[in-house]
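Taking it in order: structure first as structure tokens, then the write-up.
Keep in mind that this is a model prediction, so the values were computed, not measured. Naming: A, B, ... by sequence-line order, numbering from 1 per chain.
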Amino acid sequence: MISRRRLLILAGASAAAAFAGVSPIAGSPEGTSKDPNVPRWAMLVDVDKCTECVKELIKKTGDPHVKPPCVVACDEFNNVPEFEDKKKDPQWMRIAKFSLDKESVEPEEFYMPLLCNHCEHPACAQVCPTKATFQRPDGIVMIDTHRCIGCRYCMIACPYGARSFNFEDPRKGLRHINPEVPTRSRGVVEKCTFCVQIVDEAMERGEAPEPACVKACRLYSKNALVFGNVKDPNSEISKLMRTGYVIQLRPGVGTDPYVFYKFIKERP
Amino acid sequence: MYSTKYVIAAIIIFLAIVTSPVWYDMASGEPIHPKLAKPTGAHCVENTEWMKAHHMLLLKDWRTMHVREGKVLYTSQTYGDVYNASIEECFKCHRSETNFCEKCHDYMGAKIECFECHTYPELVEEYNK
Amino acid sequence: MIGGAVFGVVIPYVAIAVFIVGVIYKIIGWANSAVPLKIPTTCGQQYTLPFLRRNIYDRFDCPQTMWETVGRMFFEIFFFRSLFRNTRFYYAPQMKYKDARWLWLFGIAFHYSLLLVLIDHLRFFMNPVPWFSSKLTDGLSLTGVFVPTLYLPGLLIVVALALLWARRLFFGKERTISLPSDHFVLILLLAITISGNLMRYFYKVDLEGVKELILCLSTFNVARAVSIADTIGPVLYIHLTLVSILLAYFPFSKLMHSAGVFFSPTRNMPNDNRVHIHINPWNPEVKGITYEQYYEMYKDQLDEIAENGYKVKPEV
Amino acid sequence: MAIEFKKINGDSPGYFAIVLVFAAVVAIGAISYLANHFGNAPDDMSQRVPWGIVNGAIPYYIGLSAGSLILSALAGVFNIKKYKVFSRMAAFLAIAWIVVAILSIVMDIGKPLHLGGATLYFNLTSIFSWNAFLYSSYFVVCAIYLIAMFEDKQTATRILAGVAVFWAVMVHSGTGAIYGYIYSRELYHSVLLPPLFIVCATSSGLGLLMATIYLTFKYTGRKLDPDLVRSLSKVFLGLILILAYFLVDEMFEKGYMPGLQRAIHFVFLDPSQSIFWCFWLLLIVGIGLPAFIVVYPRTGRDLRWLSIGGIIHAAMIYAERFYLIVPGEVFPREYLPGYTMTSLNTLEGSIVSYTPTPIEWAQVIGLFAVGYLIFLIGLKVFAILPEEATEEVIEE
Amino acid sequence: MEEQPEVVKIEQKFPSWRDMLKPVTEKDFKHGFYHYPILKRDAEYLKDYIPFGTRDWDPLDKDWKLPEDWKERFLNAFKDKLEKYRPFKLYMDICVRCGACADKCHYYLGTGDPKNMPVARAELLRSIYRRYFTKSGRIFKEWAGARELTEDVVKELYYYLYQCSLCRRCSAFCPYGIDTAEIVWRGREILNSIGVTHRFTPISIAACARTGNHLGLLPGGMAGALQSAAEDIAEITGVEIEVPINKKGAEVLFVAPSGDYFATPHWFGFMGYIMFFHEIGLDYTWSTYAGEGGNFGTFQSYELAKLLNQKIYHEAERLGVKWIIGGECGHMWRDKHQFMATMNYPLPSTLEDPVNPITGTYFENAAESKMVHIAEFVADVIKHKKVKLDKSRNDHWKVTFHDSCNPARAMGLFEEPRYVIQSCCNYFYEMPEHTIREKTYCCGSGGGNLTEEVMDLRMRGGMPRALALKEVVKKHGVNFMCTICAQDKAAFPILMEYWKLPVEIGAMMELVGNALIMKDEEQERTLDLRGNPLKRGEE
């Protein structure tokens with residue numbers, strides 16, 4: 001028969017949730033954790049290696065819109081759909097070409113990936129009316145799509161254009177499904193999660209996590225992307241960050257992004 | 001004036017409405033209870049009887065644990081063993097969504113929203129052919 | 001064993017039987033009395049001279065034809081048109097008349113919620129579930145907040161009933177005219193709806209078993225019903241027994257207004273009294289004074305009128 | 001003698017015709033909504049422009065609501081007795097518009113059935129969360145205010161009028177803040193937006209109300225003292241001039257900043273962009289023309305012209321919403337300031353055009369029709385129209 | 001203008017449901033609210049219909065000297081009514097006591113007595129019904145709202161059933177259309193069966209049964225009334241009119257309520273009828289045998305109603321008229337429109353289709369019962385411009401129209417009188433919306449209450465109407481309330497005096513008579529029908 005105690009606990013918990021307005025266990029702590037044992041995930045992009053890789057690929061394929069392995073891996077792992085119409089096509093990770101805004105000097109172009117910056121002060125979580133977007137103690141900014149109402153305020157607020165809205169049912173744009181990650185539904189916003197499934201699973205096993213893009217980059221033997229815990233001074237990412245000039249995107253808006261871009265032109 | 005014909009019509013309509021489930025059920029010829037796919041495995045996460053009524057509460061708690069708190073593991077309160085707090089865990093025993101979840105929910109007229117986003121074995125199979 | 005059989009099988013069967021037989025008995029009881037006179041309450045302009053326009057509302061409030069009468073009944077039953085006319089008289093300080101359609105609002109909220117909740121319940125009674133029932137339920141449920149989805153009419157019905165009861169408790173006039181039975185029905189309905197909501201959101205029962213039980217009952221598979229009845233949690237039986245009480249009480253109470261409104265002669269008859277004469281089946285003979293008797297009584301005066309050529313002239 | 005308010009009979013073929021027309025428009029809007037959200041009917045929104053004109057409907061209709069309510073409460077708060085005749089009508093319109101505004105939120109969001117979450121999980125830092133609270137409470141305040149008026153409760157009406165005006169200001173400031181506080185987009189980020197929203201809410205609400213008053217009184221055969229509308233039109237003139245001042249002020253402020261020059265050129269000076277036309281049409285047709293109509297003696301005395309002016313202004317305020325919402329999205333953000341950017345796989349870094357499709361327009365117009373449908377039915381069901389409206393105030 | 005009277009103090013009491021079941025007995029009967037008992041003379045005459053009426057009793061007595069087996073008779077009568085009247089039986093069952101009707105009753109508003117709420121009035125009978133005719137009442141007694149039938153209950157029934165004017169205002173608001181008039185009518189019938197009846201209506205019923213009209217005017221008296229009306233007309237207009245009476249072979253029989261024959265202000269309407277029919281040259285006749293349009297029997301019982309209204313068809317048959325016109329009267333039209341044809345079916349074959357001989361209009365809405373309302377008839381004639389009207393002759397009146405309960409809610413006669421009035425006068429104003437048309441308030445004196453002993457009740461019952469009138473008096477300076485009911489015309493002048501309203505009461509036909517420009521009228525009229533000087537060209 002039913003375990004009466006548990007029934008009451010569960011029922012009581014949900015009752016309390018209904019009346020208090022918030023789930024007792026769902027409250028996300030404000031800000032990332034101060035606890036030194038809780039990691040703070042970040043990503044470092046070596047812009048030079050990235051540029052090298054993309055240029056190489058463009059040359060090889062002749063396609064200026066080529067998707068490098070990191071983007072392909074991201075799309076595949078996270079079930080990011082592909083639609084013909086660029087206007088409606090969601091993209092978590094994308095490669096952009098930059099050049100100094102001075103045509104006269106013929107500046108050199110460089111390429112770098114754009115993805116969710118998992119900011120320390122995420123504008124999206126700030127504006128989300130349902131707390132569907134929230135920041136985990138380890139710094140990962142997540143969307144609880146169960147709660148998302150699809151108002152797209154976060155897309156307006158995000159300074160990095162990292163978010164995509166599902167104008168269509170994503171399953172229509174998928175040819176392959178990774179069962180580990182849910183495909184989202186029509187009418188919600190989605191974005192890069194630092195492959196949170198991989199991160200959580202690795203943490204459970206006590207290993208160092210490696211998101212799909214980072215893994216793909218490593219397997220493609222470019223090592224342009226590094227993922228790790230910046231709180232740990234001995235982590236690879238911390239070490240690498242000490243070796244060059246590291247910038248953040250749009251530091252002026254004060255969101256304090258945790259995807260760092262490293263510039264060092266190491267000429268042979 | 002007795003307006004007998006209207007009264008008789010009214011009684012017939014009343015009877016028809018009140019007894020409609022009886023006729024409907026008899027005419028439909030559906031079995032009283034649908035045959036659900038048998039799960040593999042010794043037991044469910046919790047007591048089966050309890051799961052029948054409360055599975056969605058459990059899933060909801062799992063979802064809060066997993067998504068918002070990053071806790072991945074759940075310890076069964078009945079059996080004490082540990083499970084991945086994920087809907088994928090269900091499909092380890094319940095190999096079929098269509099013949100288990102959907103069938104029973106169809107029977108009950110309850111909508112399942114999980115699989116608008118979450119995947120299930122049949123769907124993955126269909127896509128990854 | 002006994003409990004399940006009693007609460008799950010015997011009581012529902014008895015209640016349903018009492019309900020059906022009782023309602024029909026009551027209807028036949030009404031039908032056995034004749035409607036001697038055609039007494040529609042006219043709330044609009046009658047069918048009259050062609051140059052006096054009757055607007056659409058007059059047609060429904062003062063029906064002349066059968067279809068207009070049907071229209072009137074339709075608006076009465078589906079929109080509570082008469083209640084919508086409600087005004088309230090204020091004594092102080094200005095002695096004014098005001099719209100007071102709260103009763104209409106609460107009433108319509110309650111009745112429509114009830115209808116929708118009943119339609120939602122079809123999923124327990126019908127196998128396979130009819131499409132309109134599940135479509136309607138999906139459209140009226142808020143998802144993403146609670147498990148299961150919040151079924152709005154189910155909550156609204158509690159609110160509406162509470163408001164209706166509050167009228168009876170806190171308003172002087174309504175308190176005065178409320179009999180214990182009026183409170184009883186409201187309390188019973190509140191208990192039913194609250195227990196239903198509790199069952200939906202907090203104290204879950206095995207719905208699969210509930211449906212199986214109900215299907216067994218509706219296909220008269222008593223043996224199986226008895227065996228299933230035992231496996232279902234007690235919370236259901238609170239709800240089910242309360243519903244059974246309501247069903248059994250229905251024919252003997254004011255709840256019969258739901259059938260009675262169709263029979264009300266002030267609403268279901270057209271105002272065509274002078275066009276189609278209504279027949280009273282027991283029209284009695286009444287012996288009044290005849291003209292001959294009258295003439296005998298006032299012979300001289302009547303003769304005088306006759307002498308003047310049946311006319312009266314002014315004497316100026 | 002107190003002003004007497006009456007229901008209309010609502011039995012003329014004209015009444016039914018206009019109700020049917022609006023109902024048909026509502027039906028078209030509803031069908032386009034369903035086709036857009038559950039079918040394949042195209043809108044022109046994109047990952048770069050996620051807020052289109054249906055989203056623009058939210059501030060627009062809230063503006064109409066706030067404007068109507070502020071006018072309705074004028075009589076109560078500032079004790080301008082002569083406008084009391086319009087107070088019920090304006091308050092009812094305010095309710096109709098807030099219903100429409102809430103409906104437009106429902107129509108705009110991707111998961112309308114999840115909307116309950118917005119009340120359950122309140123996010124203190126989200127303006128949208130605050131607005132969800134403000135909008136629903138504003139509806140309640142409006143309703144209580146209207147009920148107090150129906151019940152002829154003088155003191156309560158006056159107090160509630162004050163509360164309602166305060167609430168309307170809050171609500172619309174909040175709506176302005178939704179856009180104004182977005183610091184990641186320079187074209188959005190503006191401290192002027194909340195006050196500007198209030199001004200254009202009042203002006204558009206008033207403009208539409210003038211036309212509504214005129215048409216309603218005309219077609220219900222009621223006497224309307226032209227002086228009343230004329231004095232309203234002077235308030236209207238003042239408001240649109242303030243609006244123009246704000247717009248120009250903001251234009252110059254943005255234009256003064258070298259970093260925004262390209263964006264400013266794109267918004268204000270590039271005739272190939274619809275936004276250019278939006279802004280200048282708003283300024284010339286939406287503000288200049290109505291101002292002229294009010295000022296020019298021949299048109300300023302003619303209620304028909306004034307109504308036309310009001311309607312033009314109210315319609316052009318939609319262009320204002322377009323101008324407020326769309327350029328900030330269309331004009332690309334600089335992720336790495338000083339560098340030009342082109343994305344390999346998405347449309348980032350370039351101007352993504354946004355041209356509303358008929359499907360989107362049908363939704364917006366359908367919403368508009370919902371407002372007037374509520375109003376038309378309200379005229380029949382509630383006593384909101386005065387028997388006549390005259391300038392002189394008869395004391396009781 | 002005099003000081004307004006102090007507002008009548010209305011004590012509202014809200015007793016508990018238990019107190020509501022306790023009967024109000026002779027000890028609590030308030031003066032001015034209870035009726036005197038039936039006179040022996042009338043009881044003797046009507047003994048077939050109202051047995052036991054001849055005994056000696058008074059409502060204030062402790063012992064009402066009811067017959068030995070009164071309880072049995074009462075219950076038998078109750079059962080009989082349940083079997084015969086579906087509405088009665090239905091309305092006993094389906095009331096949900098929602099309270100929508102409660103403050104719709106003018107008597108409740110005026111007295112504040114909770115038992116004057118329509119629902120409570122019906123509950124008086126329902127409580128007995130439950131006790132003796134339903135299972136639940138028999139088992140749960142008081143808790144099911146049932147009560148024993150005792151002499152006290154009979155006293156209470158007598159007290160309250162005669163505080164209803166059968167205006168059916170509550171019925172218009174009831175979601176099930178429960179018709180309190182129907183219930184009260186049955187209640188009074190049941191009381192009649194044990195000889196508990198009031199004084200007022202049986203006097204008129206007996207008189208009408210004997211002489212043909214409620215007032216007991218003999219044929220000569222009626223002829224005299226017609227003659228003096230014709231003389232008054234001649235005095236004011238200079239036109240001498242011959243009035244047909246008992247004329248065989250006339251096309252139309254005209255039936256007016258007998259109040260018109262001599263009471264004021266009915267009289268001016270009476271003159272109006274004669275002038276109008278003369279002007280259009282209608283071939284009609286008055287009748288002495290069927291000289292009464294009103295029917296007080298409808299306040300008492302089915303049989304008594306039939307006793308009175310059958311005479312009209314008998315007379316129509318005897319005189320050989322083609323069809324019938326009925327005058328301005330309220331309850332008369334409930335009887336004529338809803339009851340008469342049913343009660344007298346089959347109708348005399350001598351009657352023909354009601355076609356207006358002046359305009360040729362076929363009165364389709366009276367196709368079978370052959371009885372046309374005067375307002376319908378006049379409106380038709382005016383519409384076809386067969387008469388000349390001078391609106392300015394009514395310029396000294398600022399007119400409002402009081403919809404009489406029964407033509408309004410039992411017939412749907414709203415537009416015809418308004419059309420006629422608006423064709424006859426320049427200044428017409430409606431009273432507040434909630435007091436006109438189907439929501440009209442009773443004058444407070446209908447349904448058998450037009451009697452001196454219940455004056456307090458009548459004045460209180462007339463309060464809502466008086467207040468509504470006061471609004472238009474203040475707003476538009478209304479000084480003339482037009483009504484198409486004989487009882488209104490009798491009741492309102494007293495009410496106006498009581499509420500200090502400077503308003504004259506008059507008939508629709510008075511306004512028609514005033515405005516009517518007669519063919520053989522030689523000089524300009526200087527007086528209206530009341531003999532007041534005409535005031536023209538002002539304003």
Can you say whether [X] sits under 4.5 Å from chain C via the side chain, the backbone, both, or neither, judging by heavy atoms?
X	result
I241(E)	backbone
P464(E)	both
S228(E)	neither
M411(E)	both
C95(E)	backbone
V119(E)	side chain
P114(E)	side chain
R18(E)	neither
F140(E)	neither
Y91(E)	side chain
A379(E)	both
S171(E)	both
L82(E)	backbone
Q227(E)	both

Roughly how far apart are [X] [atom1] and [Y] [atom2], rounded to 0.5 Å?
X	Y	atom1	atom2	value
I39(C)	T342(E)	CD1	OG1	11.0 Å
T41(C)	R168(E)	OG1	CZ	4.0 Å
R318(E)	E292(C)	CZ	CD	8.5 Å
I27(C)	L90(E)	CD1	CG	10.5 Å
R409(E)	T266(C)	CZ	OG1	12.5 Å
L307(E)	K287(C)	CG	NZ	11.5 Å

Option that, when pairs with chain E are counted at under 4.5 Å, heavy atom only, ranks first among [options]:
options	answer
K313(C), K311(C), Q45(C), R267(C)	Q45(C)
V261(C), D58(C), I177(C)	I177(C)
G29(C), A306(C), S181(C), C62(C)	G29(C)
D182(C), D272(C), L103(C)	D182(C)

- Take L179(C) and W143(E), measure what side chain to side chain contact (heavy atoms under 4.5 Å, CB included) needs, and give me the verdict at the end. CA-CA 8 Å; L179(C) 291 173; W143(E) 287 93; over 6 Å; no
- List the steps and the verdict of side chain to side chain contact (heavy atoms under 4.5 Å, CB included) for K173(C) and Y108(E). CA-CA 11 Å; K173(C) 282 194 283 283; Y108(E) 174 66; 3.3 Å; yes
Given side chains that start at C-beta, do those of [X] and [Y] come closer than 4.5 Å, heavy atoms only?
X	Y	value
P40(C)	Q338(E)	yes
Q46(C)	L413(E)	yes
Y49(E)	V286(C)	yes
P36(C)	M343(E)	no
Y302(E)	P284(C)	yes
E416(E)	T48(C)	yes

Pairs of heavy atoms under 4.5 Å with chain C: top-ranked of [options]:
options	answer
K247(E), M340(E), K13(E), K135(E)	K247(E)
T134(E), D232(E), V243(E)	V243(E)
R437(E), M20(E), K104(E)	K104(E)
D179(E), D380(E), L226(E)	D380(E)
R210(E), K439(E), R418(E)	R210(E)
H337(E), E242(E), Q310(E), E415(E)	H337(E)

- Query: Ring centres of F14(E) and F171(C) under 6.0 Å apart?
  - Reply: no
Is there a donor in the side chain of [X] and an acceptor in the side chain of [Y], or the other way round, less than 3.5 Å apart?
X	Y	answer
W30(C)	D93(E)	yes
Y345(E)	N280(C)	no
T42(C)	E438(E)	no
K89(E)	N32(C)	no
T211(E)	Y298(C)	no

Could you look at [X] and say if it's the side chain, the backbone, both or neither that has a heavy atom under 4.5 Å from chain E?
X	answer
L52(C)	side chain
Y294(C)	side chain
I305(C)	side chain
F80(C)	neither
K26(C)	side chain

- Task: Report the residues that fulfil side chain to side chain donor-acceptor pair (under 3.5 Å) with Y310(C), sequence neighbours left out, ordered by chain and then residue number.
- Result: none
- Before accepting this row, confirm whether a basic side-chain N of the pair E364(E)/R274(C) lies closer than 4.0 Å to the acidic partner's carboxylate O. no
- Query: Looking only at heavy atoms, which of residues 161-169 of chain C get nearer than 4.5 Å to chain E?
  - Reply: R167(C), R168(C)
- Query: Considering residues, nucleotides and ligands other than Y25(C), do more than 12 of their heavy atoms fall under 6.0 Å from its OH?
  - Reply: no
- Listed partners of Y85(E) passing ring pair (Phe, Tyr, Trp, His ring centres under 6.0 Å), at least two apart: W282(C)
- Item | Partner residues of S287(E) under the side-chain contact (heavy atoms from CB on, under 4.5 Å) criterion, sequence neighbours left out | N246(E), L253(E), Y289(E), A290(E), E315(E), L319(E)
- Task: Given side chain to side chain contact (heavy atoms under 4.5 Å, CB included), test R85(C) with H434(E) step by step and report yes or no.
- Result: CA-CA 10 Å; R85(C) 213 175 270 134; H434(E) 298 125; over 6 Å; no
